[in-house]
Amino acid sequence: MTTLLIAEHDHETLKDSTNKALTAASQLGGDVHVLVAGGGQGTKAAAEAAAKLAGVTKVLVAEGPAYEHDLAEPLAALIVALAPGYDAFVAPATSRFKNVMPRVAALLDVMQVSEIIKVVAPDTYERPIYAGNAIQTVKSKDAKKVITVRTSTFAAAGEGGSAAIENAASAADPGLSTFVGEEVAKSDRPELTSAKIIVSGGRAMQSRENFAKYIEPLADKLGAGVGASRAAVDAGYAPNDWQVGQTGKVVAPELYVAVGISGAIQHLAGMKDSKVIVAINKDEDAPIFQVADYGLVADLYQAVPELTEALGKLGK
Amino acid sequence: MKVLVPVKRVVDYNVKVRVKSDGTGVELANVKMSMNPFDEIAVEEALRLKEAGKATEVVVVSIGPAQASETIRTGLAMGADRGILVKAEGSVEPLAVAKILKAVVEAEQPGLVILGKQAIDDDSNQTGQMLAALLGWSQATFASKLEVEGSDFKVTREVDGGLQTIKLKGPAIVTTDLRLNEPRYASLPNIMKAKKKPIDDKSVADYGVDVTPRLEVLKTAEPAGRKAGVKVKDVAELVNKLKTEAGVL
């Protein structure tokens, strides 16, 4: 059996989510080839990084303008063109592949298995349903498997390989959609899905300014990524790419600090696998305290600056 | 332009679901069911297009048990013009749903299909993309803004790094994210009016689609629990615990 892992990268560097999905792909048991599709110079560098990953036996590169902006139609067409050589298609469950993989699955007449958290056997996987309130074990009866991987539950594969890099056979761009523009936040903070520490704010933050005044200094003191609850994003206090939860990003950092977050089911679904959870909330009955290792019942507007200062004294 | 909006009947988002003790699934008896929240956003967006004069008709379709007609009525009460119920028993997987929807699209010829990005029961996030693939149409998932440009569309999407705007050649598939709009509540007069709106009764057999599941569910289990920890009295104690007990600082 041979598995094609589709790499997540930002057209410059390979993303950590690729390393994590590789761990899942390797557990399927066969050879793992990696497809790096992108536009421009950076694609080659990402391919070279992929070739060094332990367990990868071949890297396929597809470089072209059609792959520059992660449009679903040309990338799906490319993967389908490569399909005859593969038994399984694995990708991290990032927004790019949540978009592309079901399109691939339908074109191959395969029922995709979304966001697996465990490989039980080459054809059997665990995946969360109902916002993680139940875990289903499913066995795929399709000849080919199409799988997305919830990266927060798999360790990142390391280096140690030296795979050959080849050009992938090209596929025609269906030309159904075109890129217009993007608003990508530039930040020096770690990305949510790979951050070791995350500080998140909720509705109680009351404004975007308060995020900047209270949450961000604490995050920067900890070298943390910044997250937000759905309520905070809906209210416009935080941008959409900060949202942690069932339908936002699913994270599992070493330390998750929830500030002014009540703990709705859909938020817990996105962070309850964190190693240590701290909750700061003035409502002592807030559901977030039921999952928090350390709960502080306090007014965040006092407690957070105090915490930031205390960490400063620790030399953070 | 006609707009087709597929909707799913799911366990209400406020219900805390319980896994059956024999591991065969989750408890669905006597549980409140509602329209999938992302599908409500889809219905709302279609209605706004109609109110802005960009759409001529909004058709709501649901695939599921007889009670899914209630979900369709919800859409009609919000303002949709008519419904189609495709009766199906048991769980119908996204791939099979997409195949049935393809047949519905071929019969109805909409210029746009708007769907929720995922259903909050199986959290699959697949149906829209699969439908686009089967039809050979363009797709824009996770939409936070939708503009009609003739028979084409300009869509802003919520992606991991921020926002992306793309242009779709119509007819197209769009799936909704949370920030696209805030769905309206149906008014009482509209709920009454909805009772008179037509719902076409169909069955899976009418479309000749094989809905045999491809995934065999071996087991459904409770997730590993997480116990509440301790309450600390102040910031100093918190920092101390994080440093010495948790070792994360």
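All values below were derived from every heavy atom in this structure, side-chain atoms included, with hydrogens, water molecules and symmetry-related copies excluded. Sequence lines set the chain letters: A, B, ... in the order given, protein chains first and strands last, and positions in each chain run from 1. These figures come from a predicted structure and were not determined experimentally.
With a threshold of 4.5 angstrom between heavy atoms, A:A76 does not approach chain B through any atom at all. With a 4.5 angstrom heavy-atom cutoff, B:F38 touches chain A only via side-chain atoms. A:V113 touches chain B through backbone and side chain together, each having a heavy atom under 4.5 Å away. For B:D152, no part lies under 4.5 angstrom from a heavy atom of chain A. The contact between A:A292 and chain B is made entirely by backbone atoms, counting heavy-atom distances below 4.5 Å. At a 4.5 Å heavy-atom cutoff, the contact between B:V232 and chain A is made by backbone and side-chain atoms alike. A:E306 touches chain B through backbone and side chain together, each having a heavy atom under 4.5 Å away. Proximity to chain A is limited to the side chain of B:V11, based on heavy atoms less than 4.5 angstrom apart. Only the backbone of B:K233 comes within contact range of chain A, with heavy atoms under 4.5 Å apart. Residue contact with chain A, scored on non-hydrogen atoms closer than 4.5 Å, involves the side chain of B:L238 exclusively.
In terms of heavy-atom pairs under 4.5 Å with chain B, the best-connected choice from A:E182, A:Q136, A:E309, A:K275 is A:Q136. Here A:K272 is the residue among A:E254, A:K186, A:K272 with the most heavy-atom pairs under 4.5 Å with chain B. Comparing B:L134, B:L249, B:V235 by how many heavy-atom pairs each has under 4.5 Å with chain A, the most go to B:V235. The most heavy-atom pairs under 4.5 Å with chain B, out of A:V291, A:V138, A:I135, A:D123, come from A:I135. Options A:V233, A:L71, A:D273 differ in how many heavy-atom pairs under 4.5 Å they form with chain B, and the most are formed by A:V233. For the set A:L222, A:I265, A:D234, the entry with the most heavy-atom pairs within less than 4.5 Å of chain B is A:D234. Interface remark: of the candidates A:T193, A:I277, A:L192, A:L311, A:I277 forms the most heavy-atom pairs closer than 4.5 Å to chain B. Contact tally against chain A (heavy-atom pairs below 4.5 Å) for B:G136, B:G23, B:A98: the top residue is B:G136. Chain A forms the most heavy-atom pairs under 4.5 Å with one residue out of B:V19, B:V159, B:V10, B:L168, and that residue is B:V159.
In A:E183, the CD atom is not crowded: 12 or fewer heavy atoms of neighbouring residues, nucleotides or ligands sit closer than 6.0 Å. Atom NZ of A:K141 sits in a crowded spot, with more than 12 heavy atoms from other residues, nucleotides or ligands closer than 6.0 Å. Around atom CD of A:E12, no more than 12 heavy atoms belonging to other residues, nucleotides or ligands sit under 6.0 Å away. Atom CD of B:E108 is surrounded by more than 12 heavy atoms from other residues, nucleotides or ligands within 6.0 Å. The number of heavy atoms from other shown groups lying within 6.0 Å of NZ (A:K196) does not exceed 12. Within 6.0 Å of the NZ atom in B:K154, the count of heavy atoms belonging to other residues, nucleotides or ligands does not exceed 12. Open room surrounds OH on B:Y13; 12 or fewer heavy atoms of other groups in view lie less than 6.0 Å from it. Residue-environment remark: CD (B:E106) exceeds the threshold of 12 foreign heavy atoms within 6.0 Å.
The two residues A:A105 and B:M130 come nearest to each other via the heavy atoms CB-CE, 3.9 Å. The two atoms that bring B:A133 and A:L107 nearest to each other are O-CD2, 3.6 Å, heavy atoms only. For B:K99 against A:D109, the heavy-atom pair with the smallest separation is NZ-OD1, 2.8 Å. Here the closest heavy-atom approach between residue A:P102 and residue B:Q129 is recorded as CB-CB, 3.5 Å. A pairwise comparison of heavy atoms in B:P223 and A:G132 identifies CG-O, 3.2 Å as the closest pair.
Taking the charged nitrogens against the carboxylate oxygens, B:R226 and A:D293 do have a contact shorter than 4.0 Å, which makes a salt bridge. Salt-bridge annotation for B:R157 and A:D70: absent, with no side-chain N of the basic residue lying under 4.0 Å from a carboxylate O of the acidic one.
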Kindly indicate, with the supporting measurements, whether the criterion side chain to side chain donor-acceptor pair (under 3.5 Å) is fulfilled by A:Q243 and B:R179.
CA-CA 12 Å; A:Q243 189 186 325; B:R179 263 67 65 174; 2.7 Å; yes
Criterion side chain to side chain contact (heavy atoms under 4.5 Å, CB included) on B:R214 and A:S140, from CA distance to verdict
CA-CA 6 Å; B:R214 306 287 188 85; A:S140 166; 5.9 Å; no
May I have the step-by-step check of side chain to side chain contact (heavy atoms under 4.5 Å, CB included) for B:I166 and A:T178, ending in yes or no?
CA-CA 6 Å; B:I166 60 174; A:T178 46; over 6 Å; no
Run A:I197 and B:V248 through side chain to side chain contact (heavy atoms under 4.5 Å, CB included) and show every step you take.
CA-CA 9 Å; A:I197 301 178; B:V248 289; 6.0 Å; no
Where do A:K98 and B:D160 land on the salt bridge (charged side-chain N to carboxylate O under 4.0 Å, His left out) test, with the steps shown first?
CA-CA 11 Å; A:K98 284 177 183 173; B:D160 284 343; over 6 Å; no
Trace of the side chain to side chain contact (heavy atoms under 4.5 Å, CB included) decision for B:V26 with A:Y130
CA-CA 9 Å; B:V26 302; A:Y130 289 96; 3.5 Å; yes
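Checking side-chain atoms of A:N240 against main-chain N and O of B:G162 turns up a donor-acceptor pair under 3.5 Å. With hydrogens and angles ignored, the 3.5 Å screen pairs no side-chain donor or acceptor of A:Q290 with any backbone N or O of B:K227. The backbone N or O of A:E126 sits nowhere less than 3.5 Å from a side-chain atom of B:K219 that would complete a donor-acceptor pair.
For the pair A:T124/B:L218, a side-chain contact is recorded, criterion being any heavy-atom separation below 4.5 Å from C-beta on. Side-chain contact between A:S177 and B:K169 is absent, with no heavy atoms from C-beta onward closer than 4.5 Å. The shortest distance between side-chain heavy atoms of B:L178 and A:T247 falls below 4.5 Å. A:D241 has its side chain out of reach of B:E158: every pair of non-hydrogen atoms, C-beta onward, lies at least 4.5 Å apart. Looking only at side-chain heavy atoms (C-beta outward), A:S95 and B:Q164 stay at 4.5 Å or farther from each other. For the pair B:Q139 and A:R103, the minimum side-chain heavy-atom distance is below 4.5 Å. Inter-residue side-chain proximity for A:Q112 and B:P94 is flagged as unmet; no heavy-atom pair is nearer than 4.5 Å. Between A:I129 and B:D121, every side-chain heavy-atom pair lies at or beyond the 4.5 Å cut-off.
B:S124 contributes atom OG, which lies 9.5 Å from atom CD of A:E115 (distance to the nearest 0.5 angstrom). Taken to the nearest 0.5 Å, the CG atom of A:L307 stands 7.5 Å off from the CG atom of B:L242.
For the pair B:K167 and A:F179, the cation-pi test (distance below 6.0 Å, angle within 45°) is failed.
A donor-acceptor contact under 3.5 angstrom links the side chains of B:T141 and A:N99, judged on distance only. B:E245 and A:Y294 share a donor-acceptor pair across their side chains, judged by distance under 3.5 Å alone. For the 3.5 Å distance criterion, the side chains of B:D123 and A:Q246 qualify, holding a donor opposite an acceptor.
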